[in-house]
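As structure tokens, the structure follows; a few thoughts come after it.
We're numbering straight along the sequence, starting at 1.
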Amino acid sequence: MPNRQKKLAHLLKGASYSVAADDLADDFELLEKEAETGSVENAAGVLTRIEDCMTGFRKTWLNVFLGKKQ
């Protein structure tokens, strides 16, 4: 992964940790490490987990924002 992706993964890792989304942050850390080594071996699986986590987060956030009980 190019340097730009490494920086983005690093930024999103920190943002995720700051809102206690530790599993998500751990996945961004994996992407950051892959970017450092130039590997993309695990990227597809990690990106799938990130997408699943973000989908769940979005649903939860919208329910809270709209006042829906879970």
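Side chains of Tyr17 and Asp26 form a contact here, defined as non-hydrogen atoms less than 4.5 Å apart.
Note that CD of Glu41 and CD of Glu34 are 7.0 Å apart. Values are rounded to the nearest 0.5 Å. Expressed to the nearest 0.5 Å, how far NE2 of His10 lies from CD of Gln5 amounts to 15.5 Å.
At a threshold of 4.5 Å between side-chain heavy atoms, the hydrophobic network of Ile, Leu, Val, Met, Phe, Trp and Tyr places Met54 and Leu31 in one connected group. Val19 and Ile50 fall into different hydrophobic clusters, defined by Ile, Leu, Val, Met, Phe, Trp and Tyr side-chain heavy atoms under 4.5 Å apart, directly or through other members. Put simply, Leu47 and Leu24 are part of the same group of oily side chains (I, L, V, M, F, W, Y) that touch within less than 4.5 Å, one to the next.
For residues 11-23, every residue pair satisfying the salt bridge (Lys or Arg N to Asp or Glu O under 4.0 Å) rule, not counting sequence neighbours, is listed here: Lys13-Glu32.
Counting all heavy atoms, side chain and backbone alike, Val46 lies closest to Asp27 at CG1-O, 3.3 Å.
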Report task. Check step by step if side-chain contact (heavy atoms from CB on, under 4.5 Å) holds for Lys59 and Thr55. Result -> CA-CA 6 Å; Lys59 287 178 185 176; Thr55 298; 3.9 Å; yes

